[in-house]
Amino acid sequence: MSDYALLVIGAALVNNLVLTRSLGLCALMSGSRSVEISIAVALATSLTLMLCTVVNYLIDAYLLRPLTMEYLRTMIFIVVVAATAPLNGLLMRAINPTLHDRAGAIMPLIGINSAALGVTLLNARAARGFFESMLYGFGGAIGVSLVLILFTVLRERVAAADVPEVFRGSAIDMITLGLMSLGFMGFVNLAKL
């Protein structure tokens, strides 16, 4: 049981997809300055990540590996990720149309989200079973959501701060991400407790 908890915690905090592997940066860097929209994007990204984890595991385990067609993994996984994103848009539009309209420019980026592709490829490379793949995908979704929301909160604080002209825009965003990454590195020893 503790191995499963460590897998989730490791994916969420220690080996965070955004901060250690630079996956999912598209939604993060183009992201909004509103916490409400960031929460919606985080939920949509998490849904995409979890759905892609399940579908891609099933395709890999029951189609590609038995037919020794592992060389098609990346291409098929990309198609699954791209096909899953419109479902998020439809679901969000049905649940909260105004929020969908406000987050409209960011929502298509979930379709090209490298975090969803990265999790499925990392699961395939590590030859995880179905349950472990789901836990890793869940931990990855928690980690990506956490970074998206925290980054938006930090952006709001930085926008109110007196930042020198040279550092405004993407420069301060990259510095903020670097500092967040350093902060998350503190979780490395969490598993040793």
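No hydrogens, no waters, no symmetry mates; every other heavy atom, side chains included, goes into these values. In this chain, numbering begins with 1 at the start of the sequence shown.
- Contact of the Thr152 side chain with the Ile39 side chain is not registered, since no non-hydrogen atoms from C-beta on lie closer than 4.5 Å.
- In terms of heavy atoms, Phe167 sits closest to Ile175 at CD2-CD1, 3.8 Å.
- Residues satisfying the side chain to side chain donor-acceptor pair (under 3.5 Å) test with Arg21, not counting sequence neighbours, are none.
- There is a path of hydrophobic side-chain contacts, each under 4.5 Å, that joins Leu19 to Leu154.
- Test Leu64, Ile59, Asn56, Thr120 against Arg73 for side-chain contact (heavy atoms from CB on, under 4.5 Å) and you get one pass: Leu64.
- Following chains of ILVMFWY side-chain contacts shorter than 4.5 Å, one can reach Val163 starting from Leu179, so the two form part of one hydrophobic cluster.
- Using a 4.5 Å heavy-atom cutoff, the side chains of Tyr136 and Met134 are not in contact.
- In this structure, Met174 is a member of the same hydrophobic cluster as Leu17, with clusters built from ILVMFWY side-chain heavy atoms closer than 4.5 Å.
- Heavy atoms only, all atoms of each residue included: Ala124 and Phe77 are closest at CB-CE1, 4.3 Å.
- The two residues Val14 and Thr20 have their closest heavy-atom pair at O-CG2, 3.6 Å.
- In this structure, Asp173 and Phe151 approach most closely via the heavy-atom pair O-CE1, 3.6 Å.
- For Ser145 against Ser46, the heavy-atom pair with the smallest separation is OG-OG, 2.7 Å.
- Side-chain contact check for Thr84 and Thr48: no donor-acceptor pair (N or O, by modelled atom type) lies under 3.5 Å.
- The local environment of CZ in Phe138 is sparse, with at most 12 non-hydrogen atoms from other residues, nucleotides or ligands closer than 6.0 Å.
- Note that the CG atom of Asn15 and the CG atom of Leu7 stand 10.0 Å from one another [nearest 0.5 Å].
- Summarising the geometry of Ala12 relative to Ile142, their closest heavy-atom pair is CB-CG2, 3.9 Å, with the distance given to 0.1 Å.
- Asn123 pairs by the side chain to side chain donor-acceptor pair (under 3.5 Å) definition with Arg128, not counting sequence neighbours.
- Put simply, the side chain of Leu135 reaches to within 4.5 Å of the side chain of Phe131, judged on heavy atoms.
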